[in-house]
Number of protein chains: 2
Amino acid sequence: MSESLRPLARPRLYEQVAARLREHVVDQGLRAGDRLPPERELADRLEVSRTSVRQAIVALEVQGLIEVRHGGGNYLLRDRLEAEPLESLLSRKRRLPEILEARDAAETKLASLAAERRTAADLAAIDTALDAMRSAIERGELCVDEDERFHGAVIAAARSPLLADFMGHLSREITESRRESLRQPGRPANSLLQHEKVAEAIRAGDPAAAAEAMHSHVQSVGDVKLLNWAPDA
Amino acid sequence: MSESLRPLARPRLYEQVAARLREHVVDQGLRAGDRLPPERELADRLEVSRTSVRQAIVALEVQGLIEVRHGGGNYLLRDRLEAEPLESLLSRKRRLPEILEARDAAETKLASLAAERRTAADLAAIDTALDAMRSAIERGELCVDEDERFHGAVIAAARSPLLADFMGHLSREITESRRESLRQPGRPANSLLQHEKVAEAIRAGDPAAAAEAMHSHVQSVGDVKLLNWAPDA
DNA sequence: CTCCTCCAATTGGTTGGACCACTGGACCTT
DNA sequence: AAGGTCCAGTGGTCCAACCAATTGGAGGAG
């Protein structure tokens, strides 16, 4: 039981809860990826209702500090629960172009390789990913995972361990840019269309078309007018 | 009754509510300062629980898009409920130094004038403001209002309509910088100490000391390492 | 008639408890 | 060992109250 978790006084309850959570993370030495205590337990220890705890959770989620997994718990996305300073955001934005360059180079090649080497199983995996994305969109979700899944399927089909490994290194950054991109209204559906074009070319066994389709897809990811704040939500 | 407010489907409810609110603001042509419908009414019209509406409210509040007034309603802080783009944040940050210059010039002079002209009533008002700030800090609040109140009391004591008017013009920007400054851990208490120094000099009738104390106070407001995101919260 | 006081309706703030949906691991079946 | 099933844990949402701040108007004082 941490010293930093004890009953609290009134005003703006959810803010105080958030503040306590910040302290708790520091005190317990929690880091990105670690799980926060369950909401009910927090409510008990802080002597507030779960409603208030959840408001704090929402606040932290909107700030991109934690990730909420239905049925799985709440997880830290950073080492501290402090709002990300502007500089960091900016530097991330500045790095975006070069990340996209690298991604473009790798994925374009991977797509064309996939068009040459894909097996029936690969095509099935790609279709499954597309289906997952379609239903996610219908449910109004961001479908970050589904998007990633599609690209993973293409990478698998390409059978290029080196390029796959390279993409693995880029994955962290890519996921972030992906998220920001998908947050744009209508973007998920648009992204799906582009995925389908890529899949079509791969199925047709047309390397050039696959490369071209993937190229324009990656390019369009860069057209994030101005990344809004919340990386998640 | 707006077309944009009608029942909605499932996942991530509070996000959908927030999205609907965004639409509603556009549809109704609401602008900064306008009031949103009451939470209970929103819950009814969207066919969602008030709990979910409140989560959306928290999300929007954290993003600095709305202001919540206990018992008074929820108000728009901008013309649209879109997260503020980086550019805007940056330009605001770039303007901060010049705003502080102006503030420094005016408030330094006001403090010295206050030291010369303050009446017993002025001193009482200043003390009251300090007391309010103390208790606000004890309650763990940001005490933006209390901070403002103190400066208002000093301005009143200075009896300089022109300078007071000038400060009035700056007030909007000042409040924002104040907020960002006070968000820093330990900052409110620090600020209180500086206020007390200023008050002391004014009480002593020492214009030079008052000016100096106010000067260093205003300067320290500029030492916002890196304004965090949430303008409120 | 004007102004002030005071109260009640309105509106946000918080709670406790209930129930649903998803996840992950224990455990059983094959 | 592989697979499927089940269930406890955990997030998601709702509801019905009650508390607290604000606001505006009724009603009284001047």
Side-chain angles (χ1 to χ4, degrees), chain A residues 7-21 33-62 65-77 132 135-136 139-143 145-146 232-233, chain B residues 7-21 33-62 65-77 132 135-136 139-142 144-146 232-233:
Chain A
L8 34 79
R10 262 28 219 318
R12 299 293 118 140
L13 246 202
Y14 82 82
E15 291 178 21
Q16 299 192 31
V17 172
R20 285 304 184 85
L21 283 176
D34 289 343
R35 205 183 74 164
L36 291 169
E39 297 175 354
R40 294 171 227 263
E41 180 183 333
L42 288 174
D44 280 347
R45 287 161 71 173
L46 295 176
E47 291 181 9
V48 285
S49 70
R50 191 164 55 121
T51 308
S52 296
V53 171
R54 300 212 81 247
Q55 290 186 352
I57 297 293
V58 166
L60 295 173
E61 187 187 15
V62 166
L65 301 176
I66 67 175
E67 178 187 357
V68 176
R69 301 185 196 161
H70 187 170
N74 298 316
Y75 292 77
L76 287 187
L77 288 180
S135 53
R139 290 197 304 276
E141 292 177 358
L142 267 196
C143 57
D145 292 342
E146 289 75 8
D232 202 315
Chain B
L8 36 79
R10 256 51 241 292
R12 299 295 116 140
L13 246 202
Y14 83 82
E15 291 179 19
Q16 299 191 32
V17 172
R20 286 303 183 85
L21 283 176
D34 289 344
R35 204 183 75 165
L36 271 60
E39 297 175 354
R40 295 170 227 263
E41 181 183 333
L42 287 174
D44 279 348
R45 286 162 72 174
L46 295 175
E47 292 181 9
V48 178
S49 72
R50 199 175 34 132
T51 308
S52 296
V53 171
R54 298 209 82 247
Q55 289 187 351
I57 296 293
V58 167
L60 296 173
E61 187 188 15
V62 167
L65 301 176
I66 67 176
E67 179 187 356
V68 175
R69 300 185 198 162
H70 188 171
N74 298 316
Y75 292 77
L76 287 186
L77 287 179
S135 52
R139 290 197 303 277
E141 292 177 359
L142 266 196
V144 174
D145 292 341
E146 289 75 9
D232 203 315

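Just so it is clear: chains get the letters A, B, ... in the order the sequence lines come, proteins before strands, and each one is counted from 1.
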Between [N] ([atom2]) and [X] ([atom1]): distance, integer Å:
X	N	atom1	atom2	value
Leu36(B)	dG12(C)	CG	P	9 Å
Tyr14(B)	dG11(D)	OH	P	14 Å
Leu46(A)	dT14(C)	CG	P	14 Å
Glu39(B)	dA16(D)	CD	P	17 Å
Glu61(A)	dG11(D)	CD	P	12 Å
Leu42(B)	dT10(C)	CG	P	17 Å
Asp44(B)	dT13(D)	CG	C1'	16 Å
Gln55(A)	dG16(C)	CD	P	14 Å

Review point. Who are the salt bridge (charged side-chain N to carboxylate O under 4.0 Å, His left out) partners of Arg69(A), not counting sequence neighbours?
Key: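 Partners of Arg69(A) under the salt bridge (charged side-chain N to carboxylate O under 4.0 Å, His left out) test: Glu67(A).
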**Study point:** Any residue meeting salt bridge (charged side-chain N to carboxylate O under 4.0 Å, His left out) with Arg35(B), in chain and number order, not counting sequence neighbours
**Key:**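 Scan of Arg35(B) (salt bridge (charged side-chain N to carboxylate O under 4.0 Å, His left out), adjacent residues dropped) gives none.
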Review point. With respect to the phosphate group of dT11(C), does any side-chain polar atom (N or O) of Asn74(B) fall under 4.0 Å of OP1 or OP2?
Key: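 No, because none of the side-chain N or O atoms of Asn74(B) sits under 4.0 Å from OP1 or OP2 of dT11(C).
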Check your understanding: Does a side-chain heavy-atom distance below 4.5 Å link Leu42(A) with Val17(A)?
Key ->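 Heavy-atom side-chain distance check fails, nothing below 4.5 Å.
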Point to revise | Test side-chain contact (heavy atoms from CB on, under 4.5 Å) applied to Ile66(B) and Leu76(B), step by step | key: CA-CA 5 Å; Ile66(B) 67 176; Leu76(B) 287 186; 4.1 Å; yes
Exercise for review: At under 4.0 Å between heavy atoms, which parts of nucleotides 17-27 of chain C does protein reach? Answer with one letter per nucleotide, 5' to 3': B base, S sugar-phosphate only, - none.
Suggested key: -B--BBS----
Point to revise | Heavy-atom closest contact (Ala43(B) atom, Ser49(B) atom, distance) | key: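 Closest pair (atom of Ala43(B), atom of Ser49(B), distance): CB-C, 3.9 Å.
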